[in-house]
Amino acid sequence: MTTNFDFSPLPPWPRTDYCGALRAADAGRQVGLWGWVAARRDHGGLIFIDLRDREGIVQLVFNPERNPGAHEIARALRMEYYVAARGEVVRRSDSTVNAQIPTGEIEVAVAEAKTLNTSLAPPFPLGEGETGNEEVRLRYRYLDLRRPEMQRNLRRRHRAVRAVRDYLDGNGFIDIETPILWRPTPEGARDYLVPSRVNPGKFYALPQSPQLLKQLLMIAGYDRYYQIARCFRDEDLRANRQPEFSQIDLEMTCPRPDDIIALVEGMLAAVYRAVAAIDVKPPFPRLTYAEAIDRFGSDKPDMRFDLELKRLDQAFAATAFKVFAEALARGESIYGIRVPSTIQLSRRELDDMAEGLKARQGLGLAWAKIAEGGWQGPVAKFIDDAARAHCGRVAGLHHGDTLLMVAGRPGKVRPTLGELRLQLGDKFGLRSNEQLRFLWVVEFPLFEYSDQERRLVSVNHPFTAPHPDDLELLRSDPLKARALAYDVVLNGEELGGGSIRIHNPDLQMRAFELLGIGREEAQEKFGFLLEALSYGAPPHGGIALGVDRLAMMLCGTDSLRDVIAFPKTQRAVDLMTGAPTDVDPRQLRDLSIKVIK
RNA sequence: GGGGUCGUAGUUCAGCUCGGUUAGAACGCCGGCCUGUCACGUCGGAAGUCGUGGGUUCAAAUCCCAUCGGCCCCGCCA
C-alpha cells in the first residue's frame, strides 16, 4: 500500500489526442497524451514506453540528452502507471517502423512528462491476446476491462445498442422506462424479491421482463414502445445465462406477425451493418415449430449445417429387424441421420456414440455404412433391400455415407438426435462463426403439459394469443392449439421471441383457466390486466431480443461474461465486490425479516 | 439438487499414475549494465499455507475422505 498522498494536479497541457489514434499524418504536431504504461523498454540511455488508452498504444521516446527531466521521470515508470506526456509526433526512420501496430509509423518524442498515478504490478498481463484465469480476471475486473479485447467487446455492444436505438427511433418507437420494483408473478422463472420496509412482510419482485407493463403502454395509447430493459430471473446460470440481463423489448399496436418479423429483420440488418459491416439479407427463412422439431430435434435449430433428422417409419413398416419392428408396434418411431461421406466415423467413434446414447438416454443406436457392395455394420444383415431402398430415398443416401438410426418415442428420440447432431457439428467443425444463419421459428404450440406440475403450462407466456384458426381447439384439445408466437434464431442460439397478445379480457380469462389459474386467483394477480383489457385495449404484440446474446454473436465469443462489464459467476457471485453478502441485523429488523438457516 | 473438470510462486503451467533429498520452468517482479527497442537484450536476486480440513504412512503436492472455489453441462430458465 502506498503512503504517498501526492494527489498530482493535472498537467498544464491538455490531452489533444488518443494514443491509439495517431497516424503518420500527425507527424510534426505537438500533442498531449494521457494513458497507462503498457510496456517499458529501458536502454539505459533511451527509454521507450508504450502508452495505452482506449484507442490503442503509441510509442513514447525519452531521450536523456534532449529532455533529461522527462527521462528522469521515465526511469521510474512501471507497468500500468498512469502518465501524461507532451511532445512532438515524429515519423520513424524506415528501419524502425513497426508494421504490427496501427501507430507504428510514428512515435512521440517526449518533451515533458508527469506521473499522475503509480500502480501495483498487475496480477495478470493486460496485453493483446492474453487472458488469464477467469477467477482472477473477475476479481480484478477493472483491470480485465482495460484489456484491448474487452474494450473492443464492450464498444461493439455499445455500437449495436446505438444502431438499435437509431433504427427503432426511425420507425416511430418511443423509449419508455418501466419499474424495476414490480410485483411477483406466478408462472415463469423464479422471482428476485425485494422486501418493502414501509409495508412489513410484503415484497416487490424484480421484473423477469416488462411484459405486462408494455401491454399496458399499448392500452395507454403509445402505439409503439421500446426499451433496453434490464430483466432478472433467479435461476441457475449457464455460459449464456446471467441472473440479470438486458432485452431489446418492443411492442406495437395492431401488428400481424409478419410486421414484427419484418421490423426485427430490418433491425438486425442495421445492427450487423453498423457493427460489423456485414450485409445480412432479409427475409430470413421460416420454419414452423413442428417442422423444426421434426427435422432438427430442436426449436432453435442451427442451420449452418445439414445432418437433418429423417423419419424412417415407412421404410421399416415391414421390417424383419426385431428391434425396429417392436418399436413400431409400440407406436414409436425410427429416426435417422445421414452422415455424408465427407465425415468418416470410425468404429470406435460409432461405438462411443452408441454407448453414450444408451447410458444417458437409454436409447439404442443402430448404424450402417453405405458401401459399394451394400450396407455394412452390425445390424445391416437384418435390413432387407426394400427398407434399404426406402431409406436411401428418404435420407438421400450415397455411397460412403453412414446412416445413424434410433428407435423410440418421438418426444425423446428427436431431442436426443438433435443434441447428437450438434455434437457432430462441433466435432467436425461445421459450426463456424463465419456463417450467419438467421431463422424464424413460428407457430409454437400455445401450451404444453408439465409432468412436474401435472397441468398445462404456457410455452411462451399466458398472454400469448392463440392462432385464430385454433380457437375451437382451446375447448376440444388445447395441447394442439398453436400460438401467434415467433422466435428468431441465429446459429442455433435463441436471440429473441415474441407474440401477438391477447387483447380480449374474456379470452385472457379463458387462457388463465386452462393454466389452472382460477377466477379468484386471476383477479388477485392479474386483475389490473383484465381490467385494463376492458377499456378499449387495441390488439397488440411485440418481441424481446437478448442484447447480451446478440453482443456475444457480434463479438464471436461463447461466454456472456465477455460482453458484460461486471458479470457474476456460475454461483451468481460478484467476485470483485463479494455480493451477495450478509447484512447488518439492523437492516433486517427494519425490513421485518428473520433469516433462518 | 446432480454429473464432469480444474485448483502448485504475482501469472501460465510441469511435477501427482508408481509417496522418498532442497517442489521446477517460463513470463512477471526487484537490482545492475545497456542510445533504436517494440514480447528489447543481458547479468544477478527475491518469490510457494502445493485451495482448506482430516485420515493412511516412518514419510503426502502425490494415496483416501470431506469441504470450499472457478469453469462446462443436466435439472431449472412462462
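Chain letters run A, B, ... following the sequence lines, proteins first and then strands; every chain starts at 1.
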Next item on the list: State which residue, out of A/K214, A/Q227, A/R230, A/Q211, fulfils the side chain to side chain donor-acceptor pair (under 3.5 Å) condition with A/D249.
Entry: A/K214
Notebook entry, point to check: Crowded around A/D558 CG? As in, over 12 foreign heavy atoms under 6.0 Å?
Noted result: no
Check: Atom CZ of A/R78 to atom C1' of B/rC30: distance rounded to whole Å?
Finding: 9 Å
Next item on the list: Kindly determine whether A/E251 and A/R501 satisfy salt bridge (Lys or Arg N to Asp or Glu O under 4.0 Å), including the steps that lead there.
Entry: CA-CA 10 Å; A/E251 193 83 358; A/R501 329 296 182 187; 2.7 Å; yes
Check: Do the charged groups of A/R137 and A/D144 touch, with an N to O distance under 4.0 Å?
Finding: yes
Checklist line | Gap between atoms CG and P, on A/D236 and B/rC74 respectively (whole Å) | finding: 11 Å
Next item on the list: Searching all strands shown, indicate the nucleotide that pairs with B/rU22 (Watson-Crick or G-U wobble; both distances under 3.5 Å).
Entry: none
Note to self: Using a strict threshold of under 4.0 Å (side-chain N to carboxylate O), is an ion pair present between A/E235 and A/R241?
What the structure shows: no
Notebook entry, point to check: Taking CG from A/L560 and P from B/rC73, how many angstroms apart are they, rounded to a whole number?
Noted result: 11 Å
Next item on the list: Please answer whether the main-chain N or O of A/E443 pairs with a side-chain N or O of A/R482 as donor and acceptor at a distance below 3.5 Å.
Entry: no
Note to self: In whole Å, I'd like the distance from the CD atom of A/E187 to the P atom of B/rC77.
What the structure shows: 11 Å
Check: Should the pair A/F512 and A/F526 be assigned to parallel (<30°), tilted (30 to 60°) or perpendicular (>60°) ring geometry?
Finding: parallel
Next item on the list: Between B/rG36, B/rC34, B/rC73, spot the one nearest the side chain of A/D42, thanks.
Entry: B/rC34
Item checked: Protein-nucleotide distance (A/M79, atom CE; B/rC38, atom C1'), rounded to Å -> 12 Å
Notebook entry, point to check: Quick one: do A/D351 and A/R348 make a salt bridge, cutoff under 4.0 Å?
Noted result: no
Margin query: Just checking A/R519: does its CZ atom have more than 12 heavy atoms from other residues, nucleotides or ligands closer to it than 6.0 angstrom?
Written below: no
Check: Side chain of A/R139, base of B/rG69: donor and acceptor closer than 3.5 Å?
Finding: no
Report each atom pair, protein N/O against N/O of nucleotides 12-15 of chain B, whose distance is under 3.5 angstrom.
residue, atom, partner, partner atom, Å
B/rU12, OP1, A/N133, N, 2.8

Note to self: My understanding is that a pair needs two contacts under 3.5 Å, Watson-Crick or G-U wobble. By that rule, which nucleotide pairs with B/rG45?
What the structure shows: B/rC29
Margin query: My understanding is that a pair needs two contacts under 3.5 Å, Watson-Crick or G-U wobble. By that rule, which nucleotide pairs with B/rC63?
Written below: B/rG55
Next item on the list: To the nearest Å, give me how far apart CG (A/L143) and C1' (B/rG10) are.
Entry: 12 Å
Margin query: Once you apply a heavy-atom cut-off of 4.0 Å, does A/E107 come out as touching a base, just sugar-phosphate, or nothing?
Written below: base
Note to self: Tell me whether A/E355 at atom CD has more than 12 heavy atoms from other residues, nucleotides or ligands lying less than 6.0 Å away.
What the structure shows: no
Next item on the list: Hunt down the Watson-Crick or G-U wobble partner of B/rG69, both distances under 3.5 Å, from any strand shown, or write none.
Entry: B/rC6
Check: Between A/K412 (side chain) and A/Q361 (backbone), is there a donor-acceptor pair under 3.5 Å?
Finding: yes
Notebook entry, point to check: Once you round it to whole Å, what is the distance between C1' of B/rC38 and CD1 of A/I57?
Noted result: 8 Å
Check: Any donor-acceptor pair under 3.5 Å between the side chain of A/R92 and the base of B/rC38?
Finding: yes
Margin query: Need one value for A/S209: base, sugar-phosphate or nothing, where a base atom within 4.0 Å counts as base even if backbone is also close, heavy atoms only.
Written below: base
Check: Any ion pair linking A/R139 and A/E134 (charged N to carboxylate O, less than 4.0 Å)?
Finding: no
Check: How does protein reach along nucleotides 3-8 of chain B, written 5' to 3' as B (base within reach of a heavy atom under 4.0 Å), S (only sugar-phosphate), or - (no contact)?
Finding: ------
Between the protein and nucleotides 46-52 of chain B, which nitrogen or oxygen pairs come in under 3.5 angstrom?
none

Checklist line | Side chain of A/R41 - closest among B/rU37, B/rG69, B/rC76 | finding: B/rU37
Note to self: What is the separation between atom CG on A/L422 and atom C1' on B/rC74, rounded to the nearest whole Å?
What the structure shows: 15 Å
Next item on the list: Please tell me which of the listed nucleotides, B/rC77, B/rC71, B/rG36, lies nearest to the side chain of A/R233?
Entry: B/rC77
Next item on the list: Applying ring-ring contact (aromatic ring centres under 6.0 Å, His included) between A/W36 and each of A/Y81, A/Y142, A/Y82, report the one that passes.
Entry: A/Y82
Check: Is A/H43 stacked on the base of B/rU37, with ring centres under 5.5 Å apart and planes under 30° apart?
Finding: no
Next item on the list: Please determine, for the side chain of A/P125, which listed nucleotide (B/rU11, B/rC72, B/rG31) has the closest atom?
Entry: B/rU11
Check: Hey, is A/F48 doing a stacking thing with B/rU37, by the 5.5 Å centroid and 30° angle criteria?
Finding: yes
Note to self: Among B/rC29, B/rA39, B/rC77, which nucleotide has an atom closest to any side-chain atom of A/E235?
What the structure shows: B/rC77
Margin query: Suppose we call a contact any N or O donor and acceptor under 3.5 Å apart; does that hold for the side chain of A/R241 and the base of B/rC76?
Written below: yes
Notebook entry, point to check: What's the closest nucleotide to the A/V573 side chain, out of B/rU37, B/rG70, B/rA39?
Noted result: B/rG70
Margin query: Looking at A/E349 and A/K427, is any side-chain nitrogen of the basic one under 4.0 Å from a carboxylate oxygen of the acidic one?
Written below: yes
Note to self: Under a 3.5 Å cut-off for both contacts, is B/rG1 paired Watson-Crick or G-U wobble with anything, and if yes, with which nucleotide?
What the structure shows: B/rC74
